[in-house]
Amino acid sequence: MHRRLTVAAILVVALLAAASLGYAAAANKYQFTGNVKTVDASTLVVENTKGEVWQFSTDGFAGAKPKAGDKVTVHYRMIVISIDAK
């Protein structure tokens, strides 16, 4: 019985450690809030109250598509597509 508790405790600690490492390795999440200027099959353009206009790729996004004029908060991650070393 004591051995089972020890093994269970070790498993819990190992799972918590693995989960924390996975969380640390994930890309940071950001958000941008504003009004939708345009939207099409693969692009969403949003303007915030400061006049900043950002364009987001929606390739692979299966959620609801907002309409022009809707106020939205876009949650995104910055992901590297390629790097050219010079």
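The structure displayed is predicted, hence computed values, not measured ones.
With rounding to the nearest 0.5 Å, the separation of OH in Tyr76 from NZ in Lys29 is 13.5 Å. Here the NE2-OH distance, from His75 to Tyr30, works out to 14.5 Å after rounding to the nearest 0.5 Å.
The list of salt bridge (charged side-chain N to carboxylate O under 4.0 Å, His left out) pairs with a residue in residues 31-45, not counting sequence neighbours, reads Lys37-Glu47.
Hydrophobic cluster membership for Val53: Val45 (Ile, Leu, Val, Met, Phe, Trp, Tyr linked by side-chain heavy atoms under 4.5 Å, directly or transitively). Grouped by direct or indirect side-chain proximity (heavy atoms under 4.5 Å, Ile/Leu/Val/Met/Phe/Trp/Tyr only), Val80 sits with Ile83.
In terms of the side-chain contact (heavy atoms from CB on, under 4.5 Å) criterion, residue partners of Glu52 (sequence neighbours excluded) are, by chain and number, Phe32, Asn48, Lys50, Trp54.
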Anything under 3.5 Å between a donor and an acceptor, one on a side chain of residues 59-74, the other on a protein residue two or more places apart or in another chain? List them.
residue : atom : partner : partner atom : Å
Lys65   : NZ   : Ala41   : O            : 3.4
Lys65   : NZ   : Thr58   : OG1          : 3.3
Asp70   : OD2  : Lys67   : N            : 2.9
Thr73   : OG1  : Thr33   : OG1          : 2.9

